Amino acid sequence: MLGATHSKFASLHDVELCTQAATGERRAFGELVRRHGSAVRGVLRRMGAQGAEADDVAQDAFLTAFERIAEFRGEGTFAGWVRKIAARLYLRRLQRDRRLGAIATEEIEDEPDVGGGDADAAIDLDEALKTLGPAERLCVTLCFGAGLSHSEAAEALNLPLGTVKSHVKRGLDKLRTRLAPGDGADLEGRRGNG
Amino acid sequence: MAEIEFERRLERLFAATSELSDAGAFAERVARRLDAGWMARRWLIGAAGLVGGVIGVSQLMVSNLFQRAEAVGDSARLISTSLNHLSNGTDWVAAASSGGGVVWVAAAAAVVMMGFVLSRVIGEI
């Protein structure tokens with residue numbers, strides 16, 4: 001019975017599941033959680049959240065999404081919408097715990113030795129992100145992982161727009177050096193389309 | 001141009017997240033929290049409706065509404081008696097207002113309705 005219900009929802013598109021969830025159908029929403037839970041947790045981990053904390057925030061994000069599901073108009077993807085919610089919740093938590101200030105005002109150090117784009121070293125995105133400073137990683141992940149614009153990221157981080165752009169540019173420069181051209185194709189093939 | 005291509009590639013890399021091994025357990029934890037929240041909400045709505053009903057009844061009692069309603073009933077009986085003098089064929093007014101029972105039933109119905117409306121309003125909130 002449970003399996004039949006699951007397969008019934010498994011064949012539906014995200015937008016259809018959202019429509020059903022908006023009528024209070026929690027099983028439809030459960031299918032959305034099953035589909036996109038890993039992506040949301042992944043973004044939070046890349047923003048610097050540790051495993052348990054990332055899971056807590058991701059759960060809160062999905063609960064918030066369920067409460068506000070009627071606001072989702074299907075203009076973007078459901079996963080993108082929840083990722084944005086999760087990113088903002090995580091930033092709020094950092095702010096509440098007074099951790100955001102320390103990250104955001106992090107001193108920009110001299111360029112570390114990132115080792116160049118060695119094609120033999122198959123460094124994936126997560127490894128590459130580790131070479132970024134906390135502020136750079138946060139800004140890059142907010143803009144490219146959570147889909148926030150530079151202005152939205154600046155507002156969420158309570159930082160000047162120029163500072164955010166600077167963090168993103170420095171982060172991208174490091175990632176470009178780290179992620180050799182060949183690595184991306186390999187990676188995308190390995191990771192599947194999740 | 002190369003910069004834009006790299007940014008697109010980066011977006012694809014961010015989007016291409018592999019499923020975590022405990023994805024099912026995570027979904028179940030979210031479902032449990034959803035169910036718990038739903039249950040708490042139902043209890044809260046029910047309790048609020050009950051409290052609203054009790055407050056409504058007490059307010060009706062305090063404002064002597066029932067006595068006033070009975071006075072209105074007496075007036076109605078008086079009117080019906082007068083009408084009977086005018087026309088012997090129409091005695092429905094007297095039938096409707098005979099005794100205070102009708103007033104009490106109407107008051108009880110009003111209280112039930114008030115509780116129901118309160119529950120709905122809180123539910124919508």
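If you're wondering where the values come from, they're calculated on a predicted model, not measured in any experiment. In what follows, chains are A, B, ... by sequence order, proteins preceding strands, each numbered from 1.
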Tell me, side chain or backbone of B:E7 under 4.5 Å from chain A's heavy atoms, or both, or neither? both
Pick one of side chain, backbone, both or neither for A:T77, based on which atoms fall under 4.5 Å of a heavy atom in chain B. neither
Does atom CG of B:D74 have more than 12 heavy-atom neighbours, drawn from other residues, nucleotides or ligands, at distances under 6.0 Å? yes
Tightest non-hydrogen contact, residues A:L175 and B:F6, listed as C-CZ, 3.8 Å
Contacting moiety of A:A146, where chain B heavy atoms sit under 4.5 Å: neither
Spacing of A:H36 atom NE2 and B:E19 atom CD [to the nearest 0.5 Å]: 11.0 Å
With a 4.5 Å limit on heavy-atom distance, are the side chains of B:V30 and A:R26 in contact? no
Atom of B:F26, atom of A:A58 and distance for their closest heavy-atom approach: CZ-CB, 3.6 Å
Identify which part of B:A31 has an atom lying under 4.5 Å from any heavy atom of chain A, answering side chain, backbone, both or neither. neither
Got more than 12 heavy atoms from elsewhere within 6.0 Å of CD, B:E11? yes
Under 4.0 Å between a side-chain nitrogen and a carboxylate oxygen: does that hold for A:D56 and B:R29? no
Counting N and O atoms only, with roles assigned by atom type, does the side chain of A:S38 sit under 3.5 Å from a partner on the main chain of B:L20, one being a donor and the other an acceptor? yes
Say you draw a straight line from CG of B:L13 to CG of A:D124; how long is it, rounded to the nearest 0.5 Å? 9.0 Å
Spacing of CG belonging to A:L125 relative to CZ belonging to B:R9, to within rounding of 0.5 Å: 9.5 Å
What distance separates A:L172 CG from B:E3 CD, expressed to the nearest 0.5 Å? 7.5 Å
What distance do A:Q59 atom CD and B:L34 atom CG have between them, rounded to the nearest 0.5 Å? 10.0 Å
Hey, mind stepping through A:R176 and B:L10 against side-chain contact (heavy atoms from CB on, under 4.5 Å) and telling me if it holds? CA-CA 9 Å; A:R176 193 179 291 112; B:L10 198 57; over 6 Å; no
Of the listed B:G24, B:A23, B:A27, the one with the largest count of heavy-atom pairs under 4.5 Å with chain A is B:A27
Considering all heavy atoms of both residues, which atom of B:R33 and which atom of A:D60 are nearest to each other, and what is their separation? NH2-OD1, 2.8 Å
Please flag which part of A:L32 lies under 4.5 Å from any non-hydrogen atom of chain B: side chain, backbone, both or neither. neither
